[in-house]
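A short write-up of the structure that comes next.
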Amino acid sequence: MYDTAIIGGGLTGCATAWRLAEDGAKVILLERDEINSAASGANAGSLHVQIPHDPFVRLGPDWAAAFSQTLPLLLDSIDLWREVESRLGTDLEVSMTGGLLVAASEAEMRQIERKAAIERAAGVTVELLSASALKDRAPYLSGRLTGGAYCPTEGKANPLLCAPAFAKAANRLGASLLSGCEVAAIERGREGFELTTSQGLVKARRIVNAAGAASGRIAQMAGMRMDIEAFPIQLSVTAPAAPLVSHLVYAAAEKLTLKQTRAGSIIIGGGWPARLDAAGRPVVDPKALARNVKLAVDTVPGLADVELLRTWAAFVNGNADWRPIIGEAPGAPGFFMAYAPWIGFTASLATASIVADLAQGKTPQTRADLSCFAPR
Ligand SMILES: Cc1cc2nc3c(=O)[nH]c(=O)nc-3n(C[C@H](O)[C@H](O)[C@H](O)COP(=O)(O)OP(=O)(O)OC[C@H]3O[C@@H](n4cnc5c(N)ncnc54)[C@H](O)[C@@H]3O)c2cc1C
């Protein structure tokens with residue numbers, strides 16, 4: 001009998017396993033494929049704090065006000081990102097050089113100002129920049145931009161390194177990690193839960209659902225309906241280039257994130273939709289790729305000289321209102337949700353830390369109002 005069974009070997013699950021194992025809990029992590037084989041290993045590695053601009057424009061101020069309840073969670077996570085390398089004793093290529101959201105018109109600049117007011121009210125540091133201040137701070141950006149917003153608490157990490165580092169650290173502390181172990185059913189047992197898996201029956205007092213895009217299906221196994229979906233999105237990487245982009249860069253015009261990795265490659269994304277093939281697997285959409293790359297070159301003209309190497313598509317976990325779902329499920333004592341949509345790489349460390357505390361009956365150290373994220 002385990003204290004806790006964690007379903008999902010992405011960053012959220014692995015970080016939760018590490019936190020619980022650190023506290024001496026008897027933990028098992030069940031991963032249907034390989035550790036870090038889903039979104040946590042396929043993402044862009046951006047550490048976000050600013051409210052995403054695209055939904056801000058599309059969904060409006062009410063959505064932004066609701067989303068601002070997530071900002072304290074992101075700030076908590078950034079604090080954890082800052083200390084994670086020393087806690088784990090591993091280089092994860094974490095770098096906090098700040099994020100720049102840029103405007104290509106006065107209208108976009110007004111949107112950025114409105115968004116910055118909401119961010120500041122939630123405790124996020126955002127500096128509005130004129131065109132010339134933007135040019136001084138980031139001379140590599142297009143001279144046609146009209147201004148922007150700088151958030152010093154944003155950054156990046158290498159997604160290929162993070163979940164495996166947590167998995168290794170958790171394993172060193174005694175956590176059991178099972179790859180190729182798919183959870184197929186969940187029943188209530190006498191003392192907790194019985195999980196039917198592809199590797200046999202697993203018994204645990206508590207369950208942490210960290211299954212990312214499949215979290216809705218896992219919740220359903222425990223008798224709950226949650227509107228969590230898998231959305232195919234795509235991302236590109238260039239060949240290594242000389243130092244060019246020193247911030248996490250976003251554009252207000254359309255979806256864009258870009259950053260340069262320590263190896264010199266530039267990751268270009270922003271959540272452009274991919275397609276599904278006949279088998280339902282995510283595949284790259286060339287039209288979305290063309291628009292994404294054009295916007296990238298318009299924003300950072302020096303990118304025109306860099307070779308694009310590869311574009312890939314993967315499922316991201318999403319829900320329409322962007323609300324994280326974190327905590328013990330009502331009506332299912334002992335079943336904990338550890339879920340943060342769309343920008344779950346950033347949020348994963350705080351999500352894991354909160355859930356690890358809740359699962360042990362401890363009060364989490366967080367500046368977020370957890371009632372906003374309670375499973376419904
Ligand atoms: C292309 C792309 C770019 C992104 N860019 C960013 C970014 O720059 N910054 C950011 O903050 N976020 C980004 N995201 C989102 C982020 O990657 C995810 O929100 C986050 O990684 C989710 O982590 P997770 O550990 O909760 O889930 P996942 O990493 O999806 O892991 C869940 C795991 O559960 C396993 N699982 C599912 N069902 C079962 C089952 N029945 N039994 C056992 N195991 C199961 C899966 O195999 C998977 O390994 C991006 C996502 C994508 C796809």
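Counting starts at 1 for both ligands and their atoms, following the listed order. For the numbers below, each heavy atom of this structure counts, side chains included, while hydrogens, waters and symmetry mates do not. The structure displayed is predicted, hence computed values, not measured ones.
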Should Ala314 be counted as touching ligand 1, given the test is an N or O pair under 3.5 Å? no
Is Ile233 in polar range of ligand 1, meaning some N or O pair under 3.5 Å apart? no
Stepwise side chain to side chain donor-acceptor pair (under 3.5 Å) test for Asp369 and Gln69: CA-CA 7 Å; Asp369 175 358; Gln69 293 165 333; 6.0 Å; no
Scanning both residues in full, the closest heavy-atom pair of Phe166 with Ala15 reads CD2-CA, 3.7 Å
Which ligand 1 atoms, with their elements, are less than 4.0 angstrom from a heavy-atom of Thr346? 10 (C), 11 (O)
Does only the side chain of Ala338 get under 4.0 Å from ligand 1, or the backbone, or both, or neither? Count heavy atoms. neither
Residue, atom name and distance, where the atom is the protein heavy atom closest to atom 19 (O) of ligand 1: Asn317 OD1, 2.7 Å
If the cut-off is 4.0 Å to any non-hydrogen atom of Gly8, which atoms of ligand 1 fall inside it? 33 (C), 34 (O), 35 (C)
Taking atom CZ of Arg217 as the centre, report whether more than 12 heavy atoms of other residues, nucleotides or ligands fall under 6.0 Å from it. no
I'd like the name of whichever of Leu74, Val183, Leu29 reaches closest to atom 42 (N) of ligand 1 through any heavy atom. Val183
Could you give the distance from OG (Ser142) to CG (Leu303), rounded to the nearest 0.5 Å? 11.5 Å
Please identify which atoms of ligand 1 are closer than 4.0 Å to at least one heavy atom of Gly9. 33 (C)
Lys26/Asp3 salt bridge by N-O under 4.0 Å criterion: no
How does Ser46 reach ligand 1, by side chain, by backbone, by both or by neither, if only non-hydrogen atoms under 4.0 Å count? both
Should the pair Asp79-Arg367 be classified as a salt bridge under the 4.0 Å nitrogen-to-oxygen rule? yes
Mode of Tyr339 contact toward ligand 1 - side chain, backbone, both, neither (heavy atoms, under 4.0 Å): neither
Any N/O pair Met221/ligand 1 closer than 3.5 Å: no
Would you mind checking which non-hydrogen protein atom is closest to atom 53 (C) of ligand 1, with the distance to 0.1 Å? Phe315 O, 3.5 Å
Look at atom NZ of Lys168 and say whether more than 12 heavy atoms of other residues, nucleotides or ligands are closer to it than 6.0 Å. no
If the test is side chain to side chain contact (heavy atoms under 4.5 Å, CB included), which one of Thr311, Thr261, Ile266, Ile267 qualifies with Val237? Ile267
Should Leu11 be counted as touching ligand 1, given the test is an N or O pair under 3.5 Å? yes
Going by the side chain to side chain contact (heavy atoms under 4.5 Å, CB included) test, name the single residue among Ile6, Leu29, Val27, Ile28 that passes it with Leu177. Leu29
Do Val84 and Leu47 share a hydrophobic cluster, counting only Ile, Leu, Val, Met, Phe, Trp and Tyr and linking them when any side-chain heavy atoms are less than 4.5 Å apart? yes
Would a single hydrophobic cluster contain both Val306 and Val297, if residues Ile, Leu, Val, Met, Phe, Trp and Tyr are joined by side-chain heavy-atom contacts under 4.5 Å? yes
Nearest protein heavy atom with distance in Å, relative to atom 36 (N) of ligand 1: Arg32 NE, 3.8 Å
Tell me whether Ile218 has any N or O atom under 3.5 angstrom from an N or O of ligand 1. no
So, is Phe345 polar-close to ligand 1, with some N/O to N/O distance under 3.5 Å? yes
Judged on heavy-atom distance to atom 27 (O) of ligand 1, which of Gly212, Ala214, Pro232, Ser348 sits nearest? Gly212
Polar-atom distance check: Glu182 versus ligand 1, any N or O pair below 3.5 Å? no
Could you measure the distance from the CG atom of Asn158 to the OG atom of Ser95? Nearest 0.5 Å is fine. 11.5 Å
Which residue and heavy atom of the protein sit nearest atom 29 (O) of ligand 1, plus the separation: Ser40 OG, 2.6 Å
Tell me which part of Trp312 gets within contact of ligand 1: side chain, backbone, both or neither, using heavy atoms under 4.0 Å. neither
Can you sort out which atoms of ligand 1 are near Ala38, meaning under 4.0 Å from one of its heavy atoms? 30 (O), 48 (C), 49 (O)
For atom 14 (N) of ligand 1, grab the closest protein heavy atom and report residue, atom and distance to one decimal in Å. Trp342 O, 3.4 Å
Does only the side chain of Pro341 get under 4.0 Å from ligand 1, or the backbone, or both, or neither? Count heavy atoms. neither
Pick one of side chain, backbone, both or neither for how Gln234 approaches ligand 1, counting any non-hydrogen atom pair under 4.0 Å. neither
Just let me know how Leu30 lines up against ligand 1, side chain, backbone, both or neither, with a heavy-atom cut-off below 4.0 Å. backbone
For Arg291, I'd like to know if atom CZ has over 12 heavy atoms of other residues, nucleotides or ligands within 6.0 Å. no
Please confirm whether Arg205 makes a cation-pi placement over Tyr2, using NZ or CZ under 6.0 Å from the six-membered ring centre and within 45° of the ring normal. no
In this structure, atom 24 (P) of ligand 1 is nearest to the protein heavy atom Thr12 OG1, 3.4 Å
So which heavy atom on Ala116 is nearest to which on Val126, and how close? CB-CG1, 4.0 Å
Would you say Glu31 has any N or O atom under 3.5 Å from an N or O of ligand 1, going by distance alone? yes
Using distance alone, decide if ligand 1 has a nitrogen or oxygen within less than 3.5 Å of any nitrogen or oxygen in Ala44. yes
Among non-hydrogen protein atoms, atom 4 (C) of ligand 1 lies closest to Asn43 CB, 3.1 Å
Please test Tyr150 against Gln50 for side chain to side chain donor-acceptor pair (under 3.5 Å), starting from the C-alpha separation and ending with a verdict. CA-CA 9 Å; Tyr150 175 67; Gln50 298 183 61; over 6 Å; no
Would you mind running through ligand 1 and noting each atom that sits below 4.0 Å from a heavy atom of His48? 7 (C), 8 (O), 9 (N), 10 (C), 11 (O)
If the plane angle is over 60° it's perpendicular, under 30° parallel, otherwise tilted; pick one for Phe345 and Trp81. tilted
Closest contact, heavy atoms only, Ser77 versus Ala350: OG-N, 2.9 Å
Region of Cys181 that comes within reach of ligand 1 [heavy atoms, distance under 4.0 Å]: backbone
